[in-house]
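First comes the structure, then the notes that go with it.
Here is how names work: the chains are called A, B, and so on, in the same order as the sequence lines, proteins then strands, and each is numbered from 1. Bear in mind that the values here come from a model prediction, so they are computed numbers and not experimental data.
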Amino acid sequence: VSSSAAAGAGALTEVDAALYAEIEQFYAGQIRLLSDGAVRRWAETFTKEAVFEQDGRLGQDGSRAPRAVWRGRADIVAAATAGASGRAQATGVVRRYWVGMLTVGRIDADTLRTGYYGALVNTVPDTGAGLFRSTFGTDVLVRDGVEWLVAHRRIDHDDVDRG
Amino acid sequence: VSSSAAAGAGALTEVDAALYAEIEQFYAGQIRLLSDGAVRRWAETFTKEAVFEQDGRLGQDGSRAPRAVWRGRADIVAAATAGASGRAQATGVVRRYWVGMLTVGRIDADTLRTGYYGALVNTVPDTGAGLFRSTFGTDVLVRDGVEWLVAHRRIDHDDVDRG
Amino acid sequence: VSSSAAAGAGALTEVDAALYAEIEQFYAGQIRLLSDGAVRRWAETFTKEAVFEQDGRLGQDGSRAPRAVWRGRADIVAAATAGASGRAQATGVVRRYWVGMLTVGRIDADTLRTGYYGALVNTVPDTGAGLFRSTFGTDVLVRDGVEWLVAHRRIDHDDVDRG
């Protein structure tokens, strides 16, 4: 509950349906780049100074990694590359990151705040698919000419005990 | 199969892409209010006389609660509040209710009929995420000035034996 | 990764938000026809000469069926009908096929290439829901007057070992 409230979308101006569809399209395209392994092109959908923060991951032994904060495209690329290659070498797993229930609010003409559910689906070869993690994301998007870029992303993992 | 057929969308006029995106946006915003715990504001996305009906839930012991029908906002708020607080106290579980595969048909200028898949994802702290329930929803939406409101909602649970 | 790359969407012109929403609507409507059991009307959302190809299914004993290629509406109907009736008789299972993270690129004025995640959710009566399969789809859509139709569909299953 608290993680969702972080979106703070309540006070923002709602966007029209055309912009809403445009932002849906942005997320689908961005995620596709990552699942295609085009990490550099994916990173170019962030601003150069973008900040990406997320909860530490829960390990299989029940311990949790520290909260991660990456600053700038180079850091973001490095983290995504390390994550992707580690997983591929280890398991051959196919990851699908679904975004849904997207809300879009306007901060100003060239700045949006979005909130969205995330669900990470993993498939191990010759084995079934599994729902691996559920998250809540909050982004600040800025318009760079005609394109939207992520200036700030925060991913909260639902499995964190916020008791 | 029978639950989906209840949508009866076949005979309705299709809506244009702009209205389609607007209704997608409506559902994302409505669901967010509920997951943020803003139950009263969520209830205001229903008409005052709205009817919300759904299958009874399947308990962990395999028994099923009776079919529920709530009439009017006050009843809808009471039911949602009781459900949310019961779950939170019991388990600290984070629930994400996904809506997808939305269809929108027009009954008349100010009345729409929608149909949609629902998937309820639950996460228990320090444990993995799980797909908890799959549903099919059918709503009648009415326009109140510029806003759309739910006048009638019916949620069919896929785990009901309709054999 | 390789299955997603098959979309080859990189070189295509992006479509505007209105067309994007229209294609989202197309997929939701098409899938609804199938889950409603309207197999013939579903098949009419393909061109007469459409080709539908997909990986063979992984059986419960770990063996995999051969890759399937259906050519033309009659074959596509026959395959879908056989699949649906076999499942219904066997188990009474309710299947929900979710499409998400849709990308749409333009090949020319009347031809689009799409890519999308798929997730198949199965529910057995009086039992919980489960994520059954994760896929990646690539379609060629052609405009037939005002309607879009699928001319080619390729579904890659994430559980195929592409090592």
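In terms of the side-chain contact (heavy atoms from CB on, under 4.5 Å) criterion, residue partners of Asp144(B) (sequence neighbours excluded) are, by chain and number, Leu149(B).
For the pair Arg32(B) (side chain) and Gly115(A) (backbone), a donor-acceptor distance under 3.5 Å is present.
Counting all heavy atoms, side chain and backbone alike, Tyr97(B) lies closest to Met101(A) at O-CG, 3.9 Å. Nearest heavy atoms, Ala119(A) versus Trp98(B): CB-CZ2, 3.6 Å.
Annotation: residues 16-27 of chain B contacts chain A through Ala18(B), Ala21(B), Glu22(B), Glu24(B), Gln25(B), Tyr27(B) [non-hydrogen atoms, separation under 4.5 Å].
The CZ atom of Phe136(A) sits 6.5 Å away from the OG atom of Ser35(B) when rounded to the nearest 0.5 Å. Here CD1 of Ile31(B) is found 11.5 Å from OG1 of Thr103(A). Values are rounded to the nearest 0.5 Å.
For chain A, the nearby part of Val121(B) is the side chain; its heavy atoms alone come within less than 4.5 Å. In this structure, the portion of Thr135(A) lying under 4.5 Å from any heavy atom of chain B is its backbone and not its side chain. The part of Leu102(A) that comes within reach of chain B is its backbone (N, CA, C, O), which places non-hydrogen atoms under 4.5 angstrom from that chain.
Residues in residues 123-132 of chain A take part in these side chain to side chain donor-acceptor pair (under 3.5 Å) pairs, two or more places apart or across chains: Asp126(A)-Arg64(C).
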Give the table of side-chain donor-acceptor pairs shorter than 3.5 Å for residues 65-75 of chain A, with sequence neighbours excluded, one pair per line with atom names and distance.
residue  : atom : partner  : partner atom : Å
Arg67(A) : NH1  : Asp55(A) : OD1          : 2.7
Arg67(A) : NH2  : Glu53(A) : OE1          : 3.2
Arg73(A) : NE   : Ala43(A) : O            : 3.4
Arg73(A) : NE   : Phe46(A) : O            : 2.9
Arg73(A) : NH2  : Phe46(A) : O            : 2.9

